[in-house]
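To start, the structure under review is shown below, and the notes come after it.
Just so you know, ligand 1 is whichever comes first in the structure, and atom 1 is the first atom listed for that ligand.
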Amino acid sequence: MPRNKTLPTFFFFIMCACVLSHDKINNKETVYLLQFREAIQNLPSNWFDNSTTICQWTGVVCGYTPQNFRFVEWIELKSRRLNRILPLNLNESLVALSCLDLRDNFFSGPLPSFSSLSNLEQIFLSSNNFNSIPHGCFQGLESLALIDLGNNPKLPPWIFPTDLNNYSRLVSIGLSATNLMGFLPNTFDSFSILTLLYLSENNLTGVLPESFSKLTKL
Ligand SMILES: *[C@@H]1O[C@H](CO)[C@@H](O)[C@H](O)[C@H]1NC(C)=O
Ligand SMILES: *[C@@H]1O[C@H](CO)[C@@H](O)[C@H](O)[C@H]1NC(C)=O
Ligand SMILES: *[C@@H]1O[C@H](CO)[C@@H](O)[C@H](O)[C@H]1NC(C)=O
Ligand SMILES: *[C@@H]1O[C@H](CO)[C@@H](O)[C@H](O)[C@H]1NC(C)=O
């Protein structure tokens, strides 16, 4: 019966691995998610179980760095009736975030700033009540492929964010019903693989930019 001997050893190693990985979660990320837990209502109940770490919380997905450190890679908490104001320093805390999905909730206050989140690929914040946009919010997002802010009707009137023109990996831009006003810039030739562009239910004026004709994948 050799299994009786190997199984306990196997479990011992699993336990060690868990304890080690607990120690290796970036402290800034833990601090941010504890602030998030304080600030936001209606979070899943295991966020309040003190025997868990942030990487075990529902809606938080952690990755491993090559040195075996853990980092917050995804936050996916859509359609959960979450409300109140997100802690603002997201861009200084979840520095390796790749996807943020908080769509279809009741968040209010400013959008979090994404400035300098160079791994961020997908932002889903549609169908909320955000009411302001931090300065420089969309700078330094070299990996950005998808942004959807649609149906945030309480945003103050703003113009198409030309920072997005810097990101040649963009495939999808959703800015319907976000109170966009004024002219669209004639810089759409910077988007070589843009496939989806939602701009309905806004207050845009002027001519459709000539550079739309370069959007061959649209
Ligand atoms: C978890 O810890 C916090 C702060 O230390 C405490 O207020 C809370 O009651 C604890 N929750 C449970 C379920 O023990
Ligand atoms: C985070 O965002 C704020 C507001 O946009 C900005 O002032 C700050 O410089 C950003 N931090 C980093 C590290 O880019
Ligand atoms: C992004 O684009 C804006 C205007 O389109 C430009 O002023 C800014 O320097 C660019 N930023 C980066 C990091 O390339
Ligand atoms: C739309 O924008 C124009 C200026 O371009 C402004 O005069 C008008 O009040 C705006 N309409 C609405 C409904 O916000």
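No donor-acceptor pair under 3.5 Å is formed between the side chain of Tyr32 and the backbone N or O of Leu88.
Using a 4.5 Å cut-off between side-chain heavy atoms of Ile, Leu, Val, Met, Phe, Trp and Tyr, Tyr198 falls into a hydrophobic cluster with Leu196.
Atom CH2 of Trp158 sits in a crowded spot, with more than 12 heavy atoms from other residues, nucleotides or ligands closer than 6.0 Å. Within 6.0 Å of CD on Gln41 lie more than 12 heavy atoms contributed by other residues, nucleotides or ligands.
For Asn203, a nitrogen or oxygen atom sits less than 3.5 Å from a nitrogen or oxygen atom of ligand 4, counting backbone and side chain alike.
No hydrogens or angles considered: a donor-acceptor pair under 3.5 Å links the side chains of Asn46 and Thr58.
Within 4.0 Å of ligand 2, counting heavy atoms only, the contacting residues are Asn91, Glu92, Ser113, Ser115, Ser116, His135.
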Between Leu144 and Phe138, does a side-chain contact (heavy atoms from CB on, under 4.5 Å) hold up when you go through it step by step?
-> CA-CA 10 Å; Leu144 193 65; Phe138 304 118; 5.9 Å; no

